[in-house]
Structures are given as structure tokens and as C-alpha cells.
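Position 1 is the first residue of the sequence, and the numbers go up from there.
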Amino acid sequence: MKSLKSVLIAVIAVMACSISVNAQIFRWGPRLGVEVNKMSFNSNVFDSNNRAGFTGGLMAEINVPVIGLGFDLSVMYVHRVNNASTTGTNPDDQTLVESSRFKNRDYIEIPLNLKYKIGLPVVGKIITPYVFTGPSFSFLTSKKEISQAFENKSFDVAWNFGIGLQLINHLQVSASYGLGLNNSIKKLSTIAQGTEIDGKNKYWTVTAAWLF
């Protein structure tokens, strides 16, 4: 009987340790934030004139506690205001004309990041800085049409570079720069012939996530 109790206690202890380790390795939770056209480290980041949109969704993280290396994967809804610049020729005098128009777009965005947490002695359980980088895949959910000459592409790829802080082992606050790898706007037939497009998505994102 005593041996059976000892075995049960051992099994419970192993299960408890396993649950604790798994909780440290895999976590998930909500993630919310804003996207901005320009990044400056002051209150102007959140001015309405500088805000490009907002984002929200879920994030999952897999991390190895000892070495601090892991991944995070998010599924986010993104409302983005893009500044699409076009350069063309004035048909009247053949001079170059550059125009810029803001267009709202909605995406389902899936960023996948390699993340490295920098362990700090003494305060590591309270505050942990980290860096991350990885690709982001965006799928357009709003309408494609911009004008008779241009339309949005349905798929967009970017590469993210970011830094962040983990607070009290649950709250992660981060800032990242997304560098667009492809042009998110395309020309329609010959209407936009001779027009150069700078339509790559380039943006800063500031988010906060709470992981369980």
C-alpha cells in the first residue's frame, strides 16, 4: 500500500512538473496594437495624424526557457492606411507627375517570428528584453479596386524586425518594422501605362500581448 502511494505521489509530481514545463514552453493569448507611418520615441507616435491603423488577434509562443530561443505565430486582423505613391507623365506637357493617395485596406496577417529572449539576472522574472525577426503573410479582405488604373493585390509579403519587453512573465510589449517585399498594388491593362508605382507596405507596429 505504501509503495502504491509512493508511486502515485511520484506520478503526480512528474505530471505537475510536466505541466509547469509545458506552460513555459507553449503559451498563447490576445494581441492588440496600432500601426504608424513613422516611428519616433515620444508621444507623437500615437497622434491621429501619424496613426496608420490598428491590429488585433491571437498569438502563440513556443520558447525554450534555458536558452531563450523560440518562435511566435500570430493570426491578426489589420486595418491599414497606406500611402501609395505613383509617378507618371502629364499627357499635356509630358512632365513627370507624382501623386500620393491614402487608401484603407483590411488584411488577415500571419507573422511568424524567430524570437530570442535575453535572460537578466535577479530581475529576469519581472522584466525580460527580447528581439525577433521573421516573415509576415497578409491576405487582403477588403476590395481590390483603387481606381480605374490600379487595384490592390490579394496577397502581400513583408519581413519584420523587432524588439520587445516581457513584463511579469505574461505581458509582452513590442515594436517592429515591417519591410514590404513585394508591390501590393498592380496596374490595370494600359490605363496606367508609363506610371511607376511605389506600393510596398512599409510600417511600424506597436503591440501588447498577454500570454497564458
Side-chain angles (χ1 to χ4, degrees), residues 17-39 41 45-46 50-82 104-120 123-142 153-182 184 200-212:
C17 290
S18 176
I19 292 172
S20 176
V21 170
N22 286 335
Q24 294 180 22
I25 292 175
F26 176 79
R27 302 189 301 167
W28 67 278
R31 184 184 181 193
L32 299 172
V34 296
E35 288 194 355
V36 293
N37 291 319
K38 299 177 181 178
M39 188 64 181
F41 291 97
V45 170
F46 299 99
N50 197 35
R51 188 177 300 150
F54 60 87
T55 181
L58 292 175
M59 184 177 89
E61 177 188 82
I62 297 176
N63 187 72
V64 181
V66 177
I67 63 175
L69 193 64
F71 296 89
D72 69 49
L73 175 69
S74 301
V75 178
M76 309 290 290
Y77 166 77
V78 181
H79 177 72
R80 184 175 294 156
V81 179
N82 291 82
N104 296 337
R105 303 179 196 172
D106 297 314
Y107 290 93
I108 296 297
E109 183 177 15
I110 304 176
L112 173 62
N113 294 307
L114 176 66
K115 178 185 288 183
Y116 176 66
K117 295 183 179 180
I118 304 168
L120 298 177
V123 297
K125 290 186 177 180
I126 300 175
I127 182 170
T128 302
Y130 60 88
V131 294
F132 60 92
T133 186
S136 179
F137 309 98
S138 299
F139 301 88
L140 185 71
T141 59
S142 56
K153 290 185 177 179
S154 57
F155 180 66
D156 188 55
V157 182
W159 195 275
N160 294 325
F161 306 87
I163 58 174
L165 286 176
Q166 178 175 282
L167 305 172
I168 60 173
N169 206 34
H170 289 284
L171 178 63
Q172 292 189 2
V173 180
S174 65
S176 63
Y177 180 71
L179 178 63
L181 300 181
N182 68 306
S184 60
K200 292 182 179 179
N201 282 321
K202 301 174 184 178
Y203 50 88
W204 281 89
T205 305
V206 181
T207 64
W210 184 269
L211 302 182
F212 300 98

statement: Tightest non-hydrogen contact, residues Gly29 and Leu211, listed as N-CD2, 3.7 Å
- request: Test side-chain contact (heavy atoms from CB on, under 4.5 Å) on Thr128 and Leu120 and set out the steps.
  value: CA-CA 7 Å; Thr128 302; Leu120 298 177; over 6 Å; no
query: Which heavy-atom pair separates Asn182 from Val157 by the least distance, and what is that distance?
result: OD1-N, 2.9 Å
query: Are side-chain heavy atoms of Trp28 and Ser74 found at a separation under 4.5 Å?
result: no
query: Going through the checks in order, is the side-chain contact (heavy atoms from CB on, under 4.5 Å) test met by Val75 and Ile108?
result: CA-CA 7 Å; Val75 178; Ile108 296 297; 4.3 Å; yes
- request: Determine, stepwise, if the pair Asn169 / Arg27 fulfils side-chain contact (heavy atoms from CB on, under 4.5 Å).
  value: CA-CA 11 Å; Asn169 206 34; Arg27 302 189 301 167; 4.1 Å; yes
message: I'd like to know if the side chain of Thr55 and the backbone of Tyr77 have a donor-acceptor N/O pair within less than 3.5 Å.
response: yes
- request: Can you measure from CG (Leu32) to CH2 (Trp210) and round to the nearest 0.5 angstrom?
  value: 13.5 Å
- request: On the 0 to 90° scale, with breaks at 30° and 60°, tag the Tyr130-Phe132 ring pair as parallel, tilted or perpendicular.
  value: tilted
query: With ring centroids as reference points, do Phe155 and Phe139 lie under 6.0 angstrom apart?
result: yes
- request: Would you mind telling me which of Trp159, Tyr177, Tyr116 makes a side chain to side chain donor-acceptor pair (under 3.5 Å) with Thr133?
  value: Trp159
Closest non-hydrogen atom pair, Asn160 against Ser136: ND2-CB, 3.5 Å
- request: Determine whether the side chains of Gln166 and Lys115 contain a donor N or O and an acceptor N or O closer than 3.5 Å.
  value: no
query: Rounded to the nearest 0.5 Å, how far apart are CD of Glu35 and CH2 of Trp204?
result: 12.5 Å
Spatial distance of atom CD1 (Ile25) from atom CD (Glu61) [nearest 0.5 Å]: 11.5 Å
statement: Scanning both residues in full, the closest heavy-atom pair of Lys202 with Gly180 reads CG-N, 4.3 Å
Rounded distance (nearest 0.5 Å) linking atom CZ of Phe71 with atom CG of Leu112: 7.0 Å
- request: Identify which one of Leu140, Asp156, Thr141 satisfies the side-chain contact (heavy atoms from CB on, under 4.5 Å) criterion when paired with Arg105.
  value: Leu140
query: CG/Leu58 to CG/Leu73 distance, rounded to the nearest 0.5 angstrom?
result: 10.5 Å
task: Could you tell me the separation between the CD1 atom of Ile62 and the CG atom of Asp72, rounded to the nearest 0.5 Å?
output: 10.0 Å
query: What's the shortest heavy-atom distance between Leu171 and Ala208, and which atoms?
result: CD1-CB, 4.3 Å
- prompt: Shortest non-hydrogen contact from Gln172 to Lys117?
  reply: NE2-NZ, 3.5 Å
